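A short write-up of the structure that comes next.
These numbers were taken from a predicted model, which means no experiment stands behind them.
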Amino acid sequence: MRGSAPDSPSTPGHRHLRRAAVPLAAAALLLPLFGAAPARSAPDPSPGRLQSAFASASAAYHVPQSVLLAVSYLQSRWDYHGGAPSVSGGYGPMHLTDARTAIAATEHFADGTEDARGDSSRPAPHPESKVPADSALPARLKTLPRAARLTGIPAAKLRTDPAANISGGAALLAAAQRGLGEPLSADPADWYGAVARFSGADDTATAAAYAHDVYDVLRTGERRTTDAGQRVALAAEPGLAPRTAQLSRTGPRTVKDDGAQCPKSVSCEWLPAAYAQFGDDDYGNHDLGDRPASQAIKYIVIHDTEGAWDGVLNLIQDPTYVSWNYTVRSTDGLIAQHVKAKDVAWHAGNWDVNARSIGIEHEGFLADPDAWFTEAMYRSSARLVTYLSSRYGIPLDRQHILGHDNVPGPTASTIAGMHTDPGPYWDWAHYFQLLGHPFKKTAGRQGGLVTIRPDYATNQPAYTGCTTAGEPCAAHASSEVRLYSDHDVNAPLITDVGRGTPPTTDVNDVSSRAATGQQYAVADHWGDWTAIWYLGQKAWFQNPAKHPTAVSAKGRVITPKEGLTSIPVYGRAYPEKSAYPAGVPVQSVVPLPYTVPAGQKYVIGDEMPGEYYYSVTFTPDSHQVVRGDDLYYEIQYGHRVEFVRAADVTVENSAS
């Protein structure tokens with residue numbers, strides 16, 4: 001039962017395995033992880049061909065080229081993704097959706113290894129998915145068939161040929177413009193309503209947020225090399241002022257936020273998680289609280305859903321399932337809030353982190369780099385995180401904006417089963433640029449610390465297990481660098497003793513990976529290699545001066561107090577035994593199978609009191625926060641953060 005065993009942590013809602021997401025509710029409209037991609041035609045190797053395709057489509061359908069480029073940038077950042085579908089069944093640079101085709105091509109897998117709720121008293125939910133009838137799909141999930149009708153281009157070509165895909169997007173924009181009774185103007189300012197309608201959003205606020213982002217891209221301009229090696233540029237138009245009054249004629253409904261806690265710059269609706277009592281004093285799917293008055297909110301945890309929007313929203317309304325605070329939709333960035341910030345959602349797999357955090361799910365999949373996170377999603381999520389950071393005083397750094405894969409196992413037995421989303425393909429550098437806190441060099445070469453910062457596009461370490469265990473994943477940009485036991489790519493990988501298995505290159509194995517934005521103390525240098533202190537070991541990564549994968553940083557570090565050969569590491573920061581009042585079971589403070597040996601240093605993320613939120617009943621009458629005298633430091637220990645007792649360590653400032 002949830003809460004019946006005081007030492008049982010809440011565990012995460014989704015298990016991320018090799019292209020094997022947990023299928024979502026049978027009665028729901030689902031888009032589970034898409035299987036093998038359809039036959040693809042390779043993109044033209046000419047690096048300027050994609051830019052020419054935008055120019056040709058613009059001329060053919062009388063859509064301003066800048067509008068077409070900006071819309072495509074928001075849809076896909078101009079990437080092709082090898083012709084594979086996104087989580088929403090979207091294809092190509094224009095993200096034209098053909099969800100039914102994508103679903104029908106999917107191999108369905110079930111993961112029987114974990115109870116998503118963390119409760120062994122009942123089997124984990126694994127309902128079967130179904131391919132829905134075309135009539136059951138919303139319009140936003142079938143724009144590609146409509147583009148085929150408008151252009152006469154076969155649907156298969158729209159899915160696999162980038163130039164054809166761009167033409168399909170141009171045809172949809174032109175049709176939207178005509179549908180609003182507007183001329184096919186050469187002035188980008190005249191296309192605001194068509195852009196809003198192109199989003200496929202079914203509410204006015206989301207359509208407006210989408211159009212706002214497109215025009216923000218138009219004003220600032222963009223330039224990048226795509227995943228297929230195509231160079232694309234959009235010149236800035238800083239004075240562009242769109243005709244926003246057109247929005248009133250686009251037709252979507254108005255979303256009722258019902259008090260949802262979101263910034264005004266996003267579209268946000270309130271879709272509450274189920275809170276109900278059932279069985280023998282069991283309840284779900286979250287706990288009532290009084291944060292931040294009772295307990296500070298320290299973290300925001302970034303997840304991906306391993307399932308699609310409609311099915312995920314069905315699950316959040318099941319009181320026997322788990323919960324999280326927000327979900328962000330892939331196609332247009334719509335946000336749904338499910339659990340108020342004052343209450344504690346069950347999302348992180350660590351009760352201590354749950355009690356101090358807000359969890360945000362993003363519609364997507366870890367193990368399939370082509371089930372991609374859209375620019376609309378990144379931007380909407382970044383606005384939400386910026387808002388939450390300001391409201392609750394959460395620092396915008398990687399010690400407080402965690403991936404689910406950075407959350408520590410609370411006890412030794414849970415380490416191996418901790419989740420690994422959003423995974424190596426989440427673009428942390430781009431996300432933090434959108435947050436207004438890009439990762440920069442903050443110290444000289446001898447600063448003593450590094451911030452991991454590879455170039456996302458060109459950093460493509462090899463992974464396995466995306467489709468089949470042991471089989472190579474397709475080459476793809478990554479935000480993580482691989483760690484070795486010596487300055488040699490043939491040296492053994494770093495072993496995580498807590499996992500109890502040899503390290504691998506599997507996409508879900510985080511034992512020998514450091515991610516963008518994470519900070520570590522430098523242990524050594526050798527030519528183009530840098531060593532950091534990691535999991536109690538010296539871990540090496542390639543860091544050539546001409547193409548660095550990390551930048552120098554400064555900050556505070558811990559090291560064991562003088563005279564100690566090593567100190568214990570903890571997966572949660574609980575108070576000492578004497579702090580617990582009568583009636584509240586004492587929670588064990590048991591070290592993990594990790595230590596910090598003498599002489600090693602680890603970067604401090606935060607200092608926090610030992611706290612435990614006692615909440616084991618449906619009604620909050622007996623709920624209370626137990627706070628002790630013990631202080632802890634959160635440290636970047638490996639890929640995950642961990643905790644050490646302040647009484648065990650000396651705090652030092654790194655060199656600058």
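Using the six-membered ring where Trp is involved, Tyr431 and Tyr378 have ring planes that are tilted, between 30° and 60° apart. Taking the six-membered ring for Trp and thresholds of 30 and 60 degrees, Tyr612 and Tyr614 have ring planes inclined between 30 and 60 degrees apart. Aromatic ring pairs are classed by plane angle as parallel below 30°, tilted from 30° to 60° and perpendicular above 60°; the pair Trp428 and Trp426 is perpendicular. Using cut-offs of 30° and 60° on the angle between ring planes, the pair Tyr570 and Tyr632 is perpendicular.
Between Asp496 and Arg640, no side-chain nitrogen of the basic residue sits less than 4.0 Å from a carboxylate oxygen of the acidic one, so the salt-bridge criterion is not met. Ion pair Arg356/Glu611 flagged as a salt bridge, since at least one NZ, NE, NH1 or NH2 atom sits closer than 4.0 Å to an Asp/Glu carboxylate oxygen. Contact check on Arg140 versus Asp332 returns no salt bridge, with no Lys/Arg side-chain nitrogen under 4.0 Å from an Asp/Glu carboxylate oxygen. A salt bridge between Lys340 and Asp343 is absent, with no side-chain N of the basic residue lying under 4.0 Å from a carboxylate O of the acidic one.
Judged by distance alone, the side chains of His338 and Thr327 do bring a donor and an acceptor atom under 3.5 Å apart.
Contact record, Leu631 with Glu607: CD1-OE2, 3.6 Å, taken as the closest heavy-atom pair.
Side-chain atoms of Ser479 and Arg513, non-hydrogen and from C-beta on, never get closer than 4.5 Å to each other. Taking 4.5 Å as the limit, some side-chain heavy atom of Val569 sits within range of a side-chain heavy atom of Val596.
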